[in-house]
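Written below as structure tokens is the structure these notes are about.
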Amino acid sequence: GDTITIPAGATISNSGTATGFGKIGQVVQVVKSDTFSNNATSFTDITGLSVAITPVATSSKVLVFVALKVGGANSQTARLLRDSTVIDAGDTASNRPLGFANFVDVSTYAVEIGAATFLDSPSTTSATTYKIQMISSGGTYYVNRSNSDRDTAQYDPRLASSITLVEVLA
């Protein structure tokens, strides 16, 4: 027979009016306030920039917000993963790295922000982990600080990066 699935938190009144669809379910966030550096020429996890969510329904969507602060020279690409699957990235194109942000020849004193907003459909009620990885063209990159990292009151701040997950009931 026919089946109607009602998301958690949604209701249907006896008049037949449905409410609660598209509501925010849960919000989880990880904030990385310490620094991280690497020069790996293969994709590497950024320590402490990973967060898990357990959707209440397979129909739920997860709205992902990323704010990644990076300093360093050369070229670095950041990618977003849901468990081991790369999301919010371009199409495969030969050997080119896939990601949501690229940092190229950042000034010695500057920090760039890589931002992502992506509506994901994990289609599961199992714990799902979202994380950031980066790859370098060979130079060292720095998360949450500049390359120069001068110890002054006016320059080279220490910053914070984050991933925020918002479950949207569908």
Side-chain angles (χ1 to χ4, degrees), residues 7-10 19-38 40 42-72 74-93 96-107 109-136 140-147 149 156-170:
T19 62
F21 297 91
K23 283 187 176 177
I24 291 175
Q26 56 186 311
V27 179
V28 294
Q29 182 183 64
V30 62
V31 177
K32 178 178 178 63
S33 57
D34 60 343
T35 63
F36 176 87
S37 63
N38 206 328
S42 58
F43 277 104
T44 303
D45 290 357
I46 297 177
T47 305
L49 210 44
S50 171
V51 62
I53 190 169
T54 303
V56 299
T58 56
S59 58
S60 290
K61 299 194 182 308
V62 176
L63 186 56
V64 184
F65 298 97
V66 175
L68 176 66
K69 288 53 174 285
V70 175
N74 298 296
S75 177
Q76 293 82 224
T77 298
R79 71 182 185 182
L80 172 63
L81 293 92
R82 179 208 324 113
D83 293 329
S84 60
T85 302
V86 177
I87 58 174
D88 192 22
D91 293 341
T92 299
R96 295 169 182 85
L98 304 181
F100 72 88
N102 182 238
F103 306 90
V104 182
D105 294 329
V106 180
S107 158
Y109 308 109
V111 176
E112 289 186 355
I113 299 174
T117 302
F118 185 73
L119 185 62
D120 190 34
S121 300
S123 301
T124 185
T125 54
S126 298
T128 304
T129 300
Y130 292 81
K131 67 180 180 178
I132 304 296
Q133 293 182 333
M134 285 187 67
I135 188 172
S136 174
T140 300
Y141 61 85
Y142 304 91
V143 175
N144 294 337
R145 53 157 277 205
S146 68
N147 187 351
D149 198 34
D156 302 305
R158 292 297 176 90
L159 305 168
S161 297
S162 62
I163 303 173
T164 306
L165 308 177
V166 179
E167 181 178 10
V168 180
L169 307 175

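Excluded from the calculations below are hydrogen atoms, water molecules and symmetry mates; all remaining heavy atoms, backbone and side chain alike, are included. As the structure is a computational prediction, the values presented were derived from the model and not from experiment.
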Practice task
Please list, chain by chain and in numerical order, all residues satisfying side-chain hydrogen bond (donor to acceptor under 3.5 Å, both in side chains) with Ser146, sequence neighbours excluded.
Solution key: Ser148, Asp156

Exercise for the section: Tell me, please, which residues at least two apart from Val30 pass side chain to side chain contact (heavy atoms under 4.5 Å, CB included). Expected result: Leu49, Val51, Ile163

Handout entry: Side-chain heavy atoms of Phe118 within contact of Val66, under 4.5 Å
Key = no

Handout entry: side-chain hydrogen bond (donor to acceptor under 3.5 Å, both in side chains) involving Ser75 - partner list, sequence neighbours excluded
Key = Asn102

Practice task
Could I get the full list of side-chain hydrogen bond (donor to acceptor under 3.5 Å, both in side chains) partners for Arg79, not counting sequence neighbours?
Solution key: Gln133

Practice task
Report yes or no: does Thr85 contribute a side-chain atom to a donor-acceptor pair with the main-chain N or O of Asp83 at less than 3.5 Å?
Solution key: no

Fill in the blank from the handout: Taken to the nearest 0.5 Å, the spacing of Asp88 CG from Leu98 CG works out to 11.0 Å

Completion exercise
When every non-hydrogen atom of Phe100 is compared with those of Ala116, the smallest separation belongs to CD1-CB, 3.6 Å

Fill in the blank from the handout: Test side chain to side chain contact (heavy atoms under 4.5 Å, CB included), reference Leu63, set Thr117, Ile24, Leu165, output is Thr117

Handout entry: Which residues share a side chain to side chain contact (heavy atoms under 4.5 Å, CB included) with Glu167, sequence neighbours left out
Key = Gln26, Ile53, Pro55, Val56, Ser60, Leu169

Exercise for the section: Only counting residues at least two apart or in another chain, list the ones meeting salt bridge (charged side-chain N to carboxylate O under 4.0 Å, His left out) with Arg82. Expected result: Asp120

Problem - Nearest-0.5 Å distance, OG1 of residue Thr140 to CG of residue Asn147 - result: 8.0 Å

Handout entry: Side-chain heavy atoms of Leu81 within contact of Phe43, under 4.5 Å
Key = no

Problem - Partner residues of Asp34 under the salt bridge (charged side-chain N to carboxylate O under 4.0 Å, His left out) criterion, sequence neighbours left out - result: Lys32

Handout entry: With sequence neighbours excluded, residues passing salt bridge (charged side-chain N to carboxylate O under 4.0 Å, His left out) with Lys61
Key = none

Problem - Close side-chain approach of Leu159 and Ile113, heavy atoms under 4.5 Å - result: no

Exercise for the section: Applying side-chain hydrogen bond (donor to acceptor under 3.5 Å, both in side chains), name anything that partners Thr128, two or more places apart in sequence or on another chain. Expected result: none

Handout entry: Which atom of Ile87 lies closest to which atom of Tyr130, heavy atoms considered
Key = CD1-CE2, 3.8 Å

Practice task
Search all heavy atoms of Pro122 against all heavy atoms of Val62 and return the closest pair with its distance.
Solution key: CG-CG2, 3.8 Å

Completion exercise
Heavy-atom nearest pair, Thr77 first then Gly99, reads CG2-CA, 4.1 Å

Problem - Closest heavy-atom pair and its distance - Val143, Ser161 - result: CG1-OG, 3.9 Å

Handout entry: Contacts of type side chain to side chain contact (heavy atoms under 4.5 Å, CB included), residue Ser50, not counting sequence neighbours
Key = Thr129, Lys131

Practice task
May I ask you to decide if Ala93's main-chain N or O and Arg96's side chain share a donor-acceptor pair within less than 3.5 Å?
Solution key: yes

Practice task
Please report the C-alpha distance between Asn144 and Phe36 in whole Å, then the side-chain angles of each, then the deciding distance to 0.1 Å, and finally whether the side chain to side chain contact (heavy atoms under 4.5 Å, CB included) criterion is met.
Solution key: CA-CA 7 Å; Asn144 294 337; Phe36 176 87; over 6 Å; no

Practice task
Apply salt bridge (charged side-chain N to carboxylate O under 4.0 Å, His left out) to Lys69 and list each qualifying residue two or more places apart in sequence or on a separate chain.
Solution key: none

